[in-house]
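Scroll down for the structure; my scribbles are underneath it.
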Amino acid sequence: MEQVIAKDGTHLLGIKEGVSQDFVLTVRFSEYTVFLIKKGKGTFYADYNSFPFSGPILLFATPMQGLSIVSEGELEFFTLQFHSDFYCIETHRDEVACNGLLFNSIYIDPTVEISSSDWSVFDQIIEQIGCEIKDSESSEMVLRSYLQLVLAKSSSIKLKTEKKVALYRIKDEKMELFRDLLNRHFLRLHRPMDYAELLQISANSLSKRSVKYFGKSPSQLIQERLILEAKKKLHLTTSSIKEIAFQMEFSDEYYFSRFFKKHTLVSPQEFRNRAGISEVAYLSKE
């Protein structure tokens, strides 16, 4: 692997030619990970979700997700990884709309289908990143620019794809309202029945329509929204675990920790230790 290592040993940026066997068993990385798959097909597993794929395609994963790939034959691919200490997607949301589009969305698949010509562009950038890392006088600013180019290009393709999907998708107003209600009330309302009542439909109807529209049950969406918020606070703030539990309206930090570990298989403290606290958290204290 070609990589950039911080003085404290943190893996900041790395690129590696992939081997299918490396991802047969579930792995968890401290970094954001992009799988750039040129050829092959299979199924990408990220936590409890699965996504069939066929190359060329890009697959995106956030820190500490449980990841595995079951391929149908050999895959030809690269993995590109970066730590939030090297490039924080939240601070670049205006320039690169990847937060909530490529990463950290409970509604959008973390995949980007690309054309052969698009692959050529990504392939060139990958090669340039590798060459820059190998250079004894490599520049972190240049490497960040290359990384941002990968994310910007991916975001542009994903946005175009989502717009095309929206044109042909039959809009379910109740499910769009459910999305809005969940984003507003997820800290307080944790039962599907709560949202069914607000939508004035039965819990059974909510469940069927949610699975059809989002590909996930209401319970799964509620849990994922809570976990997403918890990860955000662990990553972007210096608040203690106890303070975060209070902010998220859990009865105590122990219940919050059990809930977090049940759904992520790692404790809040382990997530924070491995994924790191972004410099954004420290800047916000000044």
Side-chain angles (χ1 to χ4, degrees), residues 32 34 43-53 57-62 65 89-114 151-233 235-236 247-250 259-260 262-264:
Y32 288 92
V34 184
T43 303
F44 173 51
Y45 294 90
D47 289 334
Y48 302 104
N49 300 306
S50 60
F51 309 95
F53 68 84
I57 194 169
L58 311 179
L59 312 174
F60 297 83
T62 55
Q65 279 191 297
I89 61 173
E90 288 84 3
T91 62
H92 293 84
R93 58 183 177 272
D94 293 332
E95 297 87 349
V96 182
C98 60
N99 186 32
L101 183 65
L102 306 178
F103 304 101
N104 295 328
S105 174
I106 65 174
Y107 304 107
I108 303 175
D109 288 1
T111 65
V112 176
E113 295 182 5
I114 60 175
L151 299 178
K153 179 67 174 176
S154 302
S155 297
S156 176
I157 297 171
K158 186 67 172 180
L159 282 171
K160 291 176 183 176
T161 301
E162 288 299 307
K163 287 179 181 178
K164 289 180 181 178
V165 170
L167 288 175
Y168 297 100
R169 186 183 193 186
I170 299 175
K171 198 169 187 179
D172 187 328
E173 296 295 347
K174 286 286 187 182
M175 289 303 94
E176 290 297 330
L177 180 55
F178 173 46
R179 189 206 306 257
D180 292 339
L181 290 170
L182 178 57
N183 288 333
R184 292 207 309 264
H185 302 300
F186 69 93
L187 290 177
R188 184 172 59 86
L189 303 180
H190 299 163
R191 302 181 307 160
M193 177 60 73
D194 296 328
Y195 295 94
E197 290 175 354
L198 290 173
L199 293 166
Q200 298 183 323
I201 59 177
S202 69
N204 186 51
S205 177
L206 171 60
S207 179
K208 290 181 178 179
R209 292 169 73 166
S210 177
V211 170
K212 181 178 180 181
Y213 200 68
F214 298 115
K216 299 178 182 179
S217 69
S219 294
Q220 186 177 0
L221 287 169
I222 293 166
Q223 292 166 2
E224 289 186 6
R225 186 63 186 84
L226 282 165
I227 292 298
L228 182 62
E229 187 69 16
K231 287 181 175 180
K232 179 180 177 181
K233 290 183 180 296
H235 169 54
L236 290 176
Q247 292 165 10
M248 295 193 62
E249 302 188 22
F250 280 79
F259 174 84
F260 189 88
K262 177 183 177 181
H263 295 289
T264 67

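Taking Glu176 as the reference, Arg179 meet the salt bridge (Lys or Arg N to Asp or Glu O under 4.0 Å) condition, with sequence neighbours excluded. Residues passing the salt bridge (Lys or Arg N to Asp or Glu O under 4.0 Å) test with Lys153 are Asp118, sequence neighbours excluded. With sequence neighbours excluded, no residue forms a side-chain hydrogen bond (donor to acceptor under 3.5 Å, both in side chains) with Gln223. Legend: residues meeting salt bridge (Lys or Arg N to Asp or Glu O under 4.0 Å) with Glu162, ordered by chain and number and at least two apart, are Lys158.
Between Ile89 and Leu102 the shortest side-chain heavy-atom distance does not fall below 4.5 Å. Within the 4.5 Å cutoff, side-chain heavy atoms of Pro218 are placed close to those of Ser207. Between Ile222 and Leu226 there is a side-chain heavy-atom pair separated by less than 4.5 Å. Looking at Phe51 and Leu59, their side chains never come closer than 4.5 Å, going by heavy atoms from C-beta outward. Looking only at side-chain heavy atoms (C-beta outward), Ile106 and Leu182 come within less than 4.5 Å of each other. When side chains are defined from C-beta on, Lys231 counts as touching Thr264, because their heavy atoms get closer than 4.5 Å. Using a 4.5 Å heavy-atom threshold, the side chains of Ser154 and Phe60 count as touching. You'll find the side chain of Arg184 reaches within 4.5 Å of the side chain of Leu181, heavy atoms only.
In this pair, Phe259 and Phe250 present their aromatic rings tilted. The plane angle is within the 30 to 60° band.
One distance of note links CG of Asn99 with CG of Leu151; it measures 11.0 Å at 0.5 Å rounding. Once rounded to the nearest 0.5 Å, the distance linking CG of Asp47 with CD1 of Ile227 reads 9.0 Å. One distance of note links CD of Gln200 with CG of Leu177; it measures 10.0 Å at 0.5 Å rounding. Annotation: the span from Lys216 atom NZ to Tyr107 atom OH amounts to 9.0 Å, rounded to 0.5 Å. To the nearest 0.5 Å, atom NZ of residue Lys208 and atom OG of residue Ser217 are 14.5 Å apart. Annotation: the span from Leu187 atom CG to Met248 atom CE amounts to 5.5 Å, rounded to 0.5 Å.
Nearest heavy-atom pair, Pro192 versus Leu206, reported as atom, atom and distance to 0.1 Å: O-CD2, 3.4 Å. Nearest heavy atoms, Thr43 versus Ser50: CG2-CB, 3.9 Å. Closest approach of Leu101 to Ser155, counting heavy atoms only: CD2-O, 3.7 Å. Between Phe103 and Ala61, the shortest heavy-atom distance links the atoms CE2-O, 3.5 Å.
Formation of a donor-acceptor pair under 3.5 Å by the Ser156 side chain with backbone atoms of Ala152 is not found in this model.
Residue-environment remark: CD (Gln220) exceeds the threshold of 12 foreign heavy atoms within 6.0 Å.
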- Query: Do Val112 and Thr161 pass the side chain to side chain contact (heavy atoms under 4.5 Å, CB included) test, and can you show the C-alpha distance, the side-chain angles, and the key distance before you say yes or no?
  - Reply: CA-CA 8 Å; Val112 176; Thr161 301; 5.7 Å; no
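Listed by first then second residue, pairs satisfying ring pair (Phe, Tyr, Trp, His ring centres under 6.0 Å) with a partner in residues 176-202 read Phe178-Tyr195, not counting sequence neighbours.
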Exercise answer: donor-acceptor pairs, residues 164-173 side-chain atoms, under 3.5 Å, sequence neighbours excluded:
{"from": "Arg169", "atom 1": "NH2", "to": "Tyr213", "atom 2": "O", "distance (Å)": "2.2"}
{"from": "Asp172", "atom 1": "OD1", "to": "Lys174", "atom 2": "N", "distance (Å)": "3.0"}
{"from": "Asp172", "atom 1": "OD1", "to": "Met175", "atom 2": "N", "distance (Å)": "3.3"}
{"from": "Asp172", "atom 1": "OD1", "to": "Arg209", "atom 2": "NH2", "distance (Å)": "2.9"}
{"from": "Asp172", "atom 1": "OD2", "to": "Arg209", "atom 2": "NE", "distance (Å)": "3.2"}
{"from": "Asp172", "atom 1": "OD2", "to": "Arg209", "atom 2": "NH2", "distance (Å)": "3.4"}

